Amino acid sequence: MQFYVTTPIFYVNGSPHIGHAYTAIAADVIARFHRLDGRDVHFLSGTDEHGQKVEKAARDVGLEPQAFTDRVSAEFRTMLARLEVSNDDFIRTTEPRHKQGATALWTQLAANGDIYLGHYEGWYAVRDEDFYAEADLTTHPDGTRTAPTGAPVEWVREPNYLFRLSAFQDRLLAHYETCPDFVGPAGKRNEMISFIRGGLHDLSVSRSSFRWGIPVPGDSDHVMYVWLDALANYVTALGYPDRTGPLWRFWPADLHLVGKDIQRFHAVYWPAFLMAAGLPVPRRIFAHGWWTIEGAKMSKSVGNVVDPLALVDTYGLDPVRYFLLREVPFGGDGDFSARALVGRMNVDLANDLGNLAQRSLSLIAKNLSGLLPEPGPPSEEDRALLGMAAALPARLREHVGRQALGDALEETWRVIRAANAYIDHQAPWALRRTDPARMAAVLRVLADTIRVVATVLQPFMPGSMARMLDQLGVPEGERDLSALDRPLAAATALPPPQGVFPRWVEEAA
RNA sequence: GGCGGCGUAGCUCAGCGGUAGAGCAGGGGAAUCAUAAUCCCUUGGUCGGGUGUUCAAGUCACCCCGCCGCUACCA
């Protein structure tokens with residue numbers, strides 16, 4: 001069964017920051033989890049490279065737009081690689097395949113009568129690539145006006161192609177009604193519904209004031225409005241308009257993961273475009289929140305933008321991946337602080353999980369010559385712990401299915417804490433003298449429990465969990481969820497245990 | 001202005017009609033296999049304020065206060 005998940009395509013007017021990393025890592029965890037669960041996954045990321053802002057940004061640094069976007073797009077690909085994001089494809093909106101697909105989409109909408117020539121005028125902010133109502137503007141003493149975002153605006157009147165968005169109001173509402181899970185989290189869904197109920201105006205989908213975009217078919221004075229261009233990536237990457245290609249089976253997408261700032265484009269405009277084109281709409285659009293940095297809003301002018309690669313260099317990739325998904329319920333806003341990250345690293349990763357594996361494995365190494373013991377006759381406590389572990393894959397499937405990634409981790413840590421309680425109560429180090437057979441049985445229960453935990457955590461921390469599974473002697477091909485039904489072979493020789501998550505100790509000042 | 005959300009232990013939050021919960025932080029104890037990690041016990045809240053419904057209200061209704069989101073806009 002197939003599963004198609006996307007990140008937004010990243011806008012190339014600036015370098016990647018922690019917010020981009022967050023979306024990408026979350027999508028990666030979801031993609032990896034579904035692969036682990038045996039599904040046929042397609043995971044798409046990419047860059048959004050057209051528009052006036054990019055044109056300007058390129059000019060500012062003395063580059064042609066294409067050369068400029070080549071450079072910034074590469075930065076994003078580097079980021080994904082360094083974060084071990086497992087996207088299957090990376091689409092750039094400047095690629096021929098995308099331009100052809102987007103052009104075909106336009107042609108289809110126009111042929112259906114959903115695009116018409118009109119004109120648009122209003123206060124336009126180049127920086128935001130958006131129009132604003134007079135009342136939203138702030139007028140300054142010198143007579144200039146700025147948008148609520150702070151961007152300067154200018155009065156623009158230009159002939160424009162418009163998309164007949166107003167005609168889709170009822171169909172959109174009906175869709176929201178029929179598919180309660182279309183938008184998440186639930187609060188965002190309500191916002192979208194009330195926005196649609198408030199009345200939809202036809203949407204300007206072309207610009208003639210700049211050139212850096214995909215030409216409108218049949219009218220090269222215009223380029224496509226950046227959102228029609230950008231949103232199309234989700235289908236052009238699957239080969240649209242060719243619906244017989246090998247990738248088309250992935251449409252409709254199962255999940256578009258987006259930041260809350262671009263929710264509306266995905267939850268209103270995009271489905272309307274698709275309905276107009278006669279294509280099925282995505283199954284779910286989920287908006288995650290934003291990060292503040294040490295309590296402050298992240299901004300270039302404040303200079304507190306966090307570079308994800310610098311973080312990874314300092315703390316290591318998996319602690320960063322873990323922290324971002326564990327610290328805050330997915331969908332809400334969160335605060336990033338070095339202190340909180342170190343707390344998670346030391347308490348959750350080093351103390352709870354890392355030390356559990358280390359103490360269990362070194363008991364096997366020292367007392368059983370490093371050979372994985374046979375399962376013994378299970379006691380009531382054995383059954384309780386193994387039962388918790390066995391239930392984990394199904395629980396995580398449920399959480400990940402709702403994008404509740406923090407809950408998935410919390411659920412897993414319940415088992416880890418139970419395993420730490422178990423090892424203390426069983427005290428295998430004492431059984432070594434009094435009842436070696438029972439000691440072996442206890443260590444086997446621990447090995448099996450850690451195996452489940454490490455298996456289900458692979459999507460979150462692929463590198464660390466691979467090492468943990470190596471130490472448990474789990475063969476490479478036996479690491480997906482279905483493999484958990486097959487017991488590990490007894491007497492497997494385990495490599496000498498090595499700490500997977502070192503404690504972070506602050507350097508003395 | 002309209003719609004919606006939130007306000008529960010020092011911190012982050014769960015609970016959404018039936019004797020106040022988790023994690024972290026704090027205190028005490030146990031253990032010593034382990035990355036001085038772990039385990040057990042424990043301090044701590046008049047559940048923003050008020051009124052009402054109910055045998056019973058963080059839990060429902062209404063009002064107020066304070067935050068936040070979406071959205072609209074006036075002489």
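Chain A is the first sequence line, chain B the second, and so forth, proteins listed ahead of strands; every chain is numbered from 1. Just so it is clear, the model here is predicted, and its values are computed rather than measured.
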Are [X] and [Y] close enough for a salt bridge, meaning some N to O gap below 4.0 Å?
X      : Y      : answer
A/K260 : A/D333 : yes
A/R82  : A/D313 : yes
A/R417 : A/E410 : yes

Partner nucleotide, any strand, of B/C6 [Watson-Crick/G-U, under 3.5 Å]: B/G66
Complementary nucleotide for B/C47 - Watson-Crick or wobble, under 3.5 Å: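 Partner of B/C47: none found under 3.5 Å.
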When we call it a touch if two heavy atoms are under 4.0 Å apart, what does [X] touch: a base, just sugar-phosphate, or nothing?
X      : result
A/G354 : base
A/V328 : nothing
A/D352 : sugar-phosphate
A/K260 : nothing
A/A421 : sugar-phosphate

B/A57 to B/G18 separation - P atoms, rounded to the nearest Å: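 My reading of the P atoms in B/A57 and B/G18 gives 11 Å.
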Interatomic distance at P, B/A22 relative to B/U42, whole Å: 10 Å
Aromatic ring proximity A/F163/A/F168, centre distance under 6.0 Å: yes
Taking only N and O in the side chain of [X], is any of them less than 4.0 Å away from OP1 or OP2 of [N]?
X      : N     : result
A/R503 : B/A37 : yes
A/R264 : B/U71 : yes
A/K188 : B/G4  : no

Under-3.5 Å donor-acceptor pair between A/N355 side chain and B/A34 base: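 Looking at the base of B/A34, it does pair with a donor or acceptor on the side chain of A/N355 (distance under 3.5 Å).
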For atom CD of A/E191 and atom P of B/A72, their distance in whole Å: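 Result: 12 Å.
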Length of the CD-P vector between A/E294 and B/U12, whole Å: 15 Å
Enclosure of A/E398 CD (heavy-atom neighbours >12, cutoff 6.0 Å):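 Result for CD/A/E398: enclosed.
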